[in-house]
K.L.:
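To start, I am sharing the structure in question, which I have written as structure tokens.
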2 protein chains.
Amino acid sequence: MNTPRKAPTMADVARLAGVSPMTVSRAFKRDSSVSEATRETILKAADEIGYVFDATASNLRSQKTDFVAVTIPSINNANFADTLRGLSEGLKARGLQTLLGYTDYDIQEEERLIEQLLRRRPEAIVVTGGRHTPRARRMLQNAGIPVVETWDLPEAPIGHVVGFSNALAVRGMVDHFVAQGLTRIAFIGGDADRDTRGSDRREGFIAAMRAQGLDPSRLIAAGAPPISMREGAAAMGRLLDTLPDTQAVICVSDLSAFGALTECQRRGIPVPDRIWIAGFGDYEIAEVSVPSLTTINPFPREIGARTAALLLRVMDGQQEGPATLAIHPQLLIRGSSR
Amino acid sequence: MNTPRKAPTMADVARLAGVSPMTVSRAFKRDSSVSEATRETILKAADEIGYVFDATASNLRSQKTDFVAVTIPSINNANFADTLRGLSEGLKARGLQTLLGYTDYDIQEEERLIEQLLRRRPEAIVVTGGRHTPRARRMLQNAGIPVVETWDLPEAPIGHVVGFSNALAVRGMVDHFVAQGLTRIAFIGGDADRDTRGSDRREGFIAAMRAQGLDPSRLIAAGAPPISMREGAAAMGRLLDTLPDTQAVICVSDLSAFGALTECQRRGIPVPDRIWIAGFGDYEIAEVSVPSLTTINPFPREIGARTAALLLRVMDGQQEGPATLAIHPQLLIRGSSR
DNA sequence: ATGCCTCTTGGTATCGCTCCCGCCCTGTCG
DNA sequence: CGACAGGGCGGGAGCGATACCAAGAGGCAT
């Protein structure tokens with residue numbers, strides 16, 4: 001039963017309710033300055049003719065969209081999904097809607113995405129990571145809206161920052177393993193620099209090993225980031241084949257770490273008795289798997305929640321300059337490393 | 001270096017480029033009826049003054065937003081994320097952008113969400129599931145845009161459908177187990193009807209057991225849907241405590257099935273030798289875990305891709321009436337059940 | 001009764017882009 | 001040489017809501 005005739009507008013509602021379009025507008029805005037009786041009349045009239053508020057017109061005239069643009073590397077990642085949840089729940093309370101795009105871990109794609117998103121005139125933009133193409137940086141700087149970079153602590157932030165140092169987080173893990181007496185430690189990650197957070201973790205591993213005076217060359221590249229459980233398993237296979245005396249392996253994510261663990265199980269190699277395994281992210285599987293996985297919790301949900309709170313402060317004018325909120329990832333020692 | 005002055009408009013670009021605003025508009029629309037030389041002049045001028053196309057004005061005047069609204073139960077679910085990827089990739093090719101919202105498995109929340117989304121004037125709307133509040137149904141019916149219900153085969157579709165029967169898929173699993181000679185089969189799921197797909201699977205289990213003349217009462221309710229790995233593990237614990245002679249358990253999802261598997265591992269109960277375990281969804285973990293998990297692949301990516309293709313046909317006027325595209329889930333027998 | 005304040009309502013002019021229509025210029029053909 | 005087609009471009013109006021200004025009604029203190 002689609003109505004083929006044109007969709008009703010506020011003017012139609014106003015005519016039926018016997019008021020001016022302006023009053024209809026106020027009624028829909030929950031503006032206090034319209035009497036309860038009129039509002040009810042109006043809403044009933046609107047319902048009767050099936051009026052649906054037209055946000056496109058509102059957006060243009062009021063120069064407000066109630067959009068907050070968000071770019072994440074991948075939707076299919078529980079960590080980023082958590083950040084997005086924290087963010088969108090915090091924003092929903094203020095009637096702000098997230099306008100989401102995926103970059104596929106590619107800063108070229110991010111550039112295209114940012115351009116598309118900015119055309120929609122969001123009131124703020126949240127990006128994942130601190131590395132962008134020059135043009136993307138320029139667009140963000142000139143957008144005239146609050147910008148938040150997350151999941152990183154960039155050296156030259158564009159605007160606000162809510163994140164942590166991926167390199168330092170991994171260093172904490174390395175230092176812990178070394179303090180336990182281990183020396184032959186490997187790292188499993190992706191084979192390209194597309195995933196900047198993954199690269200940062202690998203670089204952090206290398207720097208930490210060097211700082212400890214240890215050999216940082218046990219590096220296994222497992223495929224295009226983000227690497228999967230399967231790829232983690234395959235990488236573990238290569239590691240066991242080529243460097244069988246490895247005592248511990250740090251994986252770029254819990255997913256690859258779990259894959260690595262399963263490869264050990266298939267080969268009958270006991271974890272942690274023969275080799276320790278650690279991941280990153282504190283995904284649910286890290287806690288549930290047998291043995292449970294040593295990992296790092298970067299508090300993804302908090303990143304989102306604090307970003308939302310920050311944006312609300314900025315929009316309220318309660319935040320003066322650009323803010324940098326440092327998140328402190330937590331090292332979680334579990335069954336796979338003791 | 002935010003420019004405090006007003007953002008430039010097409011008129012500003014036109015003035016600088018020495019053409020009319022109309023020509024600027026055509027240049028940005030990649031309209032063929034503007035010479036290559038003029039287009040270049042215009043784009044250079046636009047870049048020079050930092051012009052950003054204003055989609056809000058375009059949306060209003062052209063009555064087109066290039067939005068396709070999408071509701072999914074949760075962003076933190078690899079199956080729905082896959083559907084969303086298939087969908088948004090298919091739509092991106094035509095310049096359509098997905099406008100996403102999460103219902104949290106709640107049809108009340110879905111109703112609110114649909115209202116918000118329709119205000120943005122999307123050109124089509126894709127919802128997950130076939131059960132909605134009466135008001136949500138009405139809004140969808142009267143929206144005057146293509147509607148697609150997915151992940152289900154509703155008896156009274158609102159418009160188009162791309163999905164499968166959750167109940168029949170589970171029946172296939174039950175029938176397979178029975179054909180293997182098992183009779184004492186349990187089901188682990190959520191404890192509420194919020195997750196309609198989960199409920200459909202449980203009902204499918206009960207119906208299938210009845211049809212086989214078997215007892216369908218081995219039901220464990222594990223918590224609020226969607227149930228997690230942890231909850232799956234806890235449910236398995238309860239099942240082993242209360243009904244230790246159970247021969248096989250079908251879980252509402254691979255995640256809970258994996259949790260159940262880990263509980264068996266912790267208790268030293270061999271899978272599949274003592275008990276079989278099956279999940280639903282063919283998440284990556286089902287293939288990687290040791291043993292790998294018997295499951296059902298509903299082809300989530302294809303649901304999204306076919307939805308996108310369908311919508312493009314509809315928008316091109318190549319699709320006459322409402323279409324129902326049935327997806328045929330695949331039963332995957334793996335190590336956890338043989 | 002007058003002044004003033006608050007609450008509620010209305011009229012008008014846009015917000016920035018694009019639909020629609022028309023004009024000019026060039027090239028081709030009878 | 002005039003007619004005509006078509007590509008390239010411009011002018012004016014309008015998409016549907018709201019910012020802004022103004023005004024009437026009612027209440028209360030002076």
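Note on naming: letters A, B, ... go to the chains in the order of the sequence lines (proteins, then strands), and numbering restarts at 1 for each one. In this text the structure is predicted, and so the values were computed from the model without any measurement.
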K.L.:
Under 4.0 Å from OP1 or OP2 of D:dG16: is there any side-chain N or O of B:Gln63 that close?
P.N.:
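Affirmative; the distance criterion is met.
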K.L.:
Of the nucleotides C:dG16, D:dT18, D:dC9, which has the atom closest to the B:Thr9 side chain?
P.N.:
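Nucleotide nearest to B:Thr9's side chain: C:dG16.
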K.L.:
Under 4.0 Å from OP1 or OP2 of C:dC17: is there any side-chain N or O of B:Ser25 that close?
P.N.:
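So the side chain of B:Ser25 is outside the cut-off, no N or O lying under 4.0 Å from OP1 or OP2 of C:dC17.
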K.L.:
Rounded to the nearest Å, what distance is computed from the CD1 atom of residue B:Ile49 to the C1' atom of nucleotide C:dG16?
P.N.:
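That distance rounds to 14 Å.
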K.L.:
Check step by step if side-chain contact (heavy atoms from CB on, under 4.5 Å) holds for B:Leu84 and A:Tyr102.
P.N.:
CA-CA 11 Å; B:Leu84 186 59; A:Tyr102 335 113; 3.1 Å; yes
K.L.:
Rounded off to whole Å, could you give me the CG-to-P distance for the A:Asp12 and D:dC15 pair?
P.N.:
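Interatomic distance, CG of A:Asp12 to P of D:dC15: 12 Å.
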K.L.:
Hydrogens and angles aside, do A:His160 and A:Gln319 bring a side-chain donor and acceptor to less than 3.5 Å of each other?
P.N.:
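There is no such pair between these side chains.
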K.L.:
What is the distance from CG of B:Asn59 to P of C:dC17, rounded to the nearest Å?
P.N.:
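Value for this atom pair: 12 Å.
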K.L.:
With the side chain of B:Ser20 defined as its heavy atoms from C-beta on, choose the nearest nucleotide among C:dG11, C:dC17, D:dG10.
P.N.:
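Nearest nucleotide to the side chain: D:dG10.
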K.L.:
Would a 4.5 Å heavy-atom cut-off, applied to side chains only, mark B:Glu110 and B:Thr133 as touching?
P.N.:
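No - every pair of side-chain heavy atoms lies 4.5 Å or more apart.
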K.L.:
Would you mind reading off the distance between B:Glu36 atom CD and D:dG7 atom C1', rounded to a whole angstrom?
P.N.:
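Taking atom C1' of D:dG7 as the reference, CD of B:Glu36 is at 14 Å.
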K.L.:
Could you state the atom-to-atom distance from CZ of B:Arg120 to C1' of D:dG16 in whole Å?
P.N.:
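It works out to 15 Å between those atoms.
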K.L.:
I need the CE-P distance between B:Met10 and C:dC19, as an integer number of Å.
P.N.:
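Taking atom P of C:dC19 as the reference, CE of B:Met10 is at 11 Å.
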K.L.:
With a cut-off of less than 4.0 Å, is there a side-chain N or O of A:Thr56 near OP1 or OP2 of D:dC15?
P.N.:
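Answer no for this pair, as no side-chain N or O of A:Thr56 is under 4.0 Å from OP1 or OP2.
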K.L.:
From C:dC17, D:dG16, D:dT18, pick the nucleotide closest to the side chain of A:Leu60?
P.N.:
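Of all the options, the side chain of A:Leu60 is nearest to D:dG16.
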K.L.:
Could you check B:Arg121 against B:Val19 and say which one's nearest nucleotide on DNA chain D is further toward the 5' end?
P.N.:
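Residue closer to the 5' terminus by nearest nucleotide: B:Val19.
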K.L.:
Output yes when at least one side-chain N/O atom of A:Ser62 is less than 4.0 Å from OP1 or OP2 of D:dT18, else no.
P.N.:
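For A:Ser62, the contact criterion (side-chain N or O under 4.0 Å from OP1 or OP2 of D:dT18) is not met.
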K.L.:
Given D:dG16, is OP1 or OP2 found less than 4.0 Å from the side-chain N or O atoms of A:Tyr51?
P.N.:
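No, outside the criterion.
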K.L.:
Could you give the angle between the helix axes at the two ends of the helix from C:dA1-D:dT30 to C:dG30-D:dC1, with five pairs per end, rounded to 10 degrees?
P.N.:
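Overall, the helix from C:dA1-D:dT30 to C:dG30-D:dC1 bends by 40° from one end axis to the other.
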K.L.:
Would you say the side chain of A:Arg39 lies within less than 4.5 Å of the side chain of A:Arg26, judging by non-hydrogen atoms?
P.N.:
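A side-chain contact is absent here, since even the closest heavy-atom pair is not under 4.5 Å.
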K.L.:
Would one find a side-chain N or O of B:Lys64 under 4.0 angstrom from OP1 or OP2 of C:dC17?
P.N.:
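Indeed not, no polar side-chain atom of B:Lys64 lies that close.
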K.L.:
Drop me the distance from B:Asp106's CG to B:Thr196's OG1, to the nearest 0.5 angstrom.
P.N.:
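With rounding to 0.5 Å, CG (B:Asp106) is 11.0 Å from OG1 (B:Thr196).
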K.L.:
Measuring from the side chain of A:Lys29 (C-beta onward, heavy atoms only), which nucleotide among D:dA17, D:dA19, C:dC17 has the closest atom?
P.N.:
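When the side chain of A:Lys29 is considered, D:dA19 is the closest of D:dA17, D:dA19, C:dC17.
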K.L.:
At under 4.0 Å between heavy atoms, what does A:Met22 touch on the DNA or RNA strands: base, sugar-phosphate, or nothing?
P.N.:
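The answer is base, as A:Met22 lies within the cut-off (heavy atoms under 4.0 Å) of a base atom.
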K.L.:
Scan B:Ser35 against the nucleic acid and name what it touches under 4.0 Å (heavy atoms): base, sugar-phosphate only, or nothing.
P.N.:
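The residue B:Ser35 makes sugar-phosphate contact but no base contact.
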K.L.:
B:Asp54 CG to C:dT18 C1': how many Å, rounded?
P.N.:
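So the CG-C1' distance, B:Asp54 to C:dT18, works out to 13 Å.
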K.L.:
Counting just side-chain N and O atoms, does A:Thr23 come under 4.0 Å of either OP1 or OP2 of C:dT9?
P.N.:
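No.
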K.L.:
When B:Val126 is tested against each of B:Leu91, B:Thr71, B:Leu311 for side chain to side chain contact (heavy atoms under 4.5 Å, CB included), which residue passes?
P.N.:
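Going through B:Leu91, B:Thr71, B:Leu311 one by one, the side chain to side chain contact (heavy atoms under 4.5 Å, CB included) with B:Val126 is satisfied by B:Leu311 alone.
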K.L.:
Does a side-chain heavy-atom distance below 4.5 Å link B:Glu109 with B:Arg112?
P.N.:
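Yes, side chains in contact.
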K.L.:
Does any donor-acceptor pair link the side chain of B:Arg26 with the base of D:dG10 at a separation under 3.5 Å?
P.N.:
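Looking at the base of D:dG10, it does pair with a donor or acceptor on the side chain of B:Arg26 (distance under 3.5 Å).
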K.L.:
Just to be sure I understand the rule, does B:Phe28 reach a base, reach only the sugar-phosphate, or reach nothing, if contact means heavy atoms closer than 4.0 Å?
P.N.:
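The residue B:Phe28 makes no contact with any strand.
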K.L.:
Does B:Arg39 or B:Arg61 map to a spot on DNA chain D nearer the 5' end, using the closest nucleotide for each?
P.N.:
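Whichever sits nearer the 5' end wins; that is B:Arg39.
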K.L.:
With no hydrogens and no angle check, do the side chains of A:Ser35 and A:Thr38 hold a donor and an acceptor under 3.5 Å apart?
P.N.:
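Judged by distance alone, the side chains do pair up.
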K.L.:
For residues B:Asn76 and B:Ser74, is any side-chain donor paired with an opposing acceptor at under 3.5 Å?
P.N.:
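B:Ser74 and B:Asn76 do not have a side-chain donor-acceptor pair below 3.5 Å.
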K.L.:
Please tell me if B:Thr38 has a side-chain N or O lying less than 4.0 Å from either OP1 or OP2 of D:dC9.
P.N.:
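Yes, such a contact exists.
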